[in-house]
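All remarks here apply to the structure that follows.
The model shown is predicted, which means the values in this text are computed figures rather than measured ones. FYI, side chains are in, hydrogens and waters are out, and symmetry mates aren't considered; it's all heavy atoms of this structure.
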Amino acid sequence: MAGHSKWANIKRQKARVDARKGSLFTKLSRAIIVAARNGLPDPDANFRLRSAVEKAKAAGMPAENIERAIAKGSGNWTDDSPLEEIRYEGYGPGGVAVLIEAMTDNRNRTAAEVREAFSKVGGSLGESGCVSWLFRQKGVISLEGVTDPEALLLAVAEAGGEDLKVEGTGAEVYCDYTLLEQVATSLKKEGYQVQEAAIRWIPSTEVHVEDPETAKLVLTLMERLDNLDDVQNVYANFEIDEAVMESLA
């Protein structure tokens with residue numbers, strides 16, 4: 001299950017949290033709004049909303065912002081610009097497949113911004129379905145404070161999980177996306193520190209990027225897309241060797 005979140009891992013390593021807090025809060029608010037709109041406005045009764053709220057709290061988002069986003073999603077707040085979820089697909093430098101999840105109140109604006117991000121690095125925005133066949137949806141649960149990987153492996157199996165990746169004291173658990181709430185809840189009951197539980201797109205194959213210039217362009221594309229306010233998540237199937245990453249540092 002390697003490589004599913006290369007960009008997520010790279011972002012954590014080179015995080016610039018303070019500089020992007022405004023943009024981050026915009027993304028988090030939109031996730032809460034859509035989750036509240038597509039289910040009950042009560043986090044205790046809506047797993048997707050609960051996950052979005054927990055992620056917002058972990059990022060330091062003020063409580064009043066969270067409450068306002070829930071109110072907007074439940075229709076209890078005047079909002080002249082309804083949000084819709086859109087998926088974009090395309091190919092980046094070196095033939096890397098890229099899948100983007102966005103939330104927008106203006107399809108034309110978002111499509112233009114995403115297309116420009118691709119064209120700036122020689123990539124191309126494609127038609128719907130052009131790369132999604134290279135990915136599959138999985139539930140991914142991020143844990144911290146893991147001290148006994150063998151015990152965690154047993155707990156994951158009992159909870160209905162499929163796979164596990166441990167790095168230091170952190171771990172990511174993979175499961176059928178329809179069982180995400182079940183597995184996450186079970187692990188919490190076992191005392192594990194669940195940092196995030198979300199449905200992600202996992203690549204079934206990876207493109208190994210060995211050329212430093214191509215790697216630089218790929219990372220530039222990922223960063224450009226991630227910096228767009230309308231973009232919620234970016235997934236790609238690239239693998240960059242540590243030596244190449246070090247040469248770009």
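- Taking the side chain as every heavy atom from C-beta outward, Glu144 and Thr169 never approach each other to under 4.5 Å.
- Residues Gly160 and Val183 share a closest heavy-atom pair of C-CG2, 3.9 Å.
- Under the salt bridge (charged side-chain N to carboxylate O under 4.0 Å, His left out) criterion, Lys188 pairs with Glu54, not counting sequence neighbours.
- The shortest heavy-atom contact between Tyr174 and Leu164 is CD1-N, 4.1 Å.
- We find the CG-NZ distance between Leu221 and Lys216 to be 14.5 Å, quoted to the nearest 0.5 Å.
- Under the 3.5 Å distance criterion, the side-chain polar atoms of Glu89 are left unmatched by any main-chain donor or acceptor of Ser128.
- Every salt bridge (charged side-chain N to carboxylate O under 4.0 Å, His left out) that Lys55 has, sequence neighbours left out, goes to Glu196.
- To the nearest 0.5 Å, atoms CZ (Arg200) and CG (Asn233) are separated by 8.0 Å.
- The distance from the OG1 atom of Thr205 to the CG atom of Leu134 is 5.0 Å, given to the nearest 0.5 Å.
- Side-chain N or O atoms of Gln232 include one that pairs as donor or acceptor with a backbone N or O of Lys27 at under 3.5 Å.
- Leu179 and Leu143 fall within the same hydrophobic cluster, defined by Ile, Leu, Val, Met, Phe, Trp and Tyr side-chain heavy atoms under 4.5 Å apart, directly or through other members.
- Considering only heavy atoms from C-beta on, Val131 stays 4.5 Å or farther from Val98 through its side chain.
- Clustering ILVMFWY residues whenever any of their side-chain heavy atoms sit less than 4.5 angstrom apart, transitively, puts Leu125 in the very cluster that holds Val218.
- Of the possible donor and acceptor atoms, none in the side chain of Asp241 sits under 3.5 Å from a partner among the backbone N and O of Ala243.
- The shortest non-hydrogen separation linking Ala184 to Ile141 is N-CD1, 3.6 Å.
- In terms of the salt bridge (charged side-chain N to carboxylate O under 4.0 Å, His left out) criterion, residue partners of Glu181 (sequence neighbours excluded) are, by chain and number, Arg50.
- Pairs engaging residues 145-157 under the salt bridge (Lys or Arg N to Asp or Glu O under 4.0 Å) rule: none recorded [sequence neighbours left out].
- Proximity of a side-chain donor or acceptor of Gln182 to a complementary backbone N or O of Ala159 within less than 3.5 Å is detected.
- Side-chain contact check for Lys72 versus Glu67: every heavy-atom pair is 4.5 Å or farther apart.
- A distance-only check finds no donor-acceptor pair linking the side chain of Tyr192 to the backbone of Ala155 [under 3.5 Å].
- The line from CZ of Arg224 to CG of Leu228 is 9.5 Å long, rounded to the nearest 0.5 Å.
- Of the possible polar contacts, none joining the Glu206 side chain to the Phe238 backbone as a donor-acceptor pair under 3.5 Å is found.
- With a 4.5 Å cut-off on side-chain heavy atoms, Ser124 and Phe118 do not count as touching.
- Side-chain atoms of Thr214 never come within 3.5 Å of backbone atoms of Gly94 as a donor-acceptor pair (strictly under, hydrogens ignored).
- Without hydrogens or angle criteria, Ser247 side chain to Val244 main chain gives a donor-acceptor distance under 3.5 Å.
- Rounding to the nearest 0.5 Å places OG1 of Thr147 at 9.5 Å from CG of Leu152.
- Shown here for Ala102 and Tyr88, the closest heavy-atom pair between the two residues is CB-CE1, 4.0 Å.
- In this structure, Val156 is not a member of the same hydrophobic cluster as Ile202, with clusters built from ILVMFWY side-chain heavy atoms closer than 4.5 Å.
- Scanning both residues, Ala236 and Val96, for their nearest heavy atoms gives CB-CG1, 4.0 Å.
- Note: the hydrophobic cluster containing Val121 also contains Leu225 (ILVMFWY, side chain heavy atoms under 4.5 Å, direct or indirect links).
- Under the 4.5 Å side-chain criterion, counting only non-hydrogen atoms from C-beta, Val234 is not in contact with Leu99.
- Side-chain atoms of Thr178 and Asp176 form a donor-acceptor pair, as typed in the model, at a separation below 3.5 Å.
- Using a 4.5 Å heavy-atom cutoff, the side chains of Glu84 and Asp105 are not in contact.
- Tracing side-chain contacts under 4.5 Å through hydrophobic residues (I, L, V, M, F, W, Y), one never reaches Val173 starting from Trp201; they form parts of separate clusters.
- Here the closest non-hydrogen pair linking Gln137 and Tyr177 is O-CD2, 3.7 Å.
- With sequence neighbours left out, the side-chain contact (heavy atoms from CB on, under 4.5 Å) criterion links Leu154 to Glu158.
- Although no hydrogens or angles enter the test, the distance criterion places no donor-acceptor pair under 3.5 Å between the side chain of Gln193 and the main chain of Gly145.
- Taking a cutoff of 4.0 Å between a charged side-chain nitrogen and a carboxylate oxygen, Glu162 and Lys138 qualify as a salt bridge.
- When side chains are defined from C-beta on, Thr104 counts as touching Arg109, because their heavy atoms get closer than 4.5 Å.
- Side-chain contact between Ile100 and Val114 is present, with at least one heavy-atom pair separated by less than 4.5 Å.
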Name every donor-acceptor pair, under 3.5 Å, that has one atom in a side chain of residues 28-48 and the other anywhere in the protein, sequence neighbours excluded.
{"residue": "Ser29", "atom": "OG", "partner": "Phe25", "partner atom": "O", "Å": "2.9"}
{"residue": "Arg30", "atom": "NH1", "partner": "Met103", "partner atom": "O", "Å": "2.9"}
{"residue": "Arg30", "atom": "NH1", "partner": "Asp230", "partner atom": "OD1", "Å": "2.4"}
{"residue": "Arg30", "atom": "NH2", "partner": "Asp230", "partner atom": "OD1", "Å": "3.4"}
{"residue": "Arg37", "atom": "NH1", "partner": "Leu83", "partner atom": "O", "Å": "2.7"}
{"residue": "Arg37", "atom": "NH2", "partner": "Leu83", "partner atom": "O", "Å": "2.6"}
{"residue": "Asn38", "atom": "ND2", "partner": "Val34", "partner atom": "O", "Å": "3.3"}
{"residue": "Asp42", "atom": "OD1", "partner": "Asp44", "partner atom": "N", "Å": "3.1"}
{"residue": "Asn46", "atom": "OD1", "partner": "Arg48", "partner atom": "N", "Å": "3.2"}
{"residue": "Asn46", "atom": "OD1", "partner": "Leu49", "partner atom": "N", "Å": "3.0"}
{"residue": "Asn46", "atom": "ND2", "partner": "Ala35", "partner atom": "O", "Å": "3.0"}
{"residue": "Asn46", "atom": "ND2", "partner": "Leu40", "partner atom": "O", "Å": "2.9"}
{"residue": "Arg48", "atom": "NH2", "partner": "Glu85", "partner atom": "OE2", "Å": "2.7"}

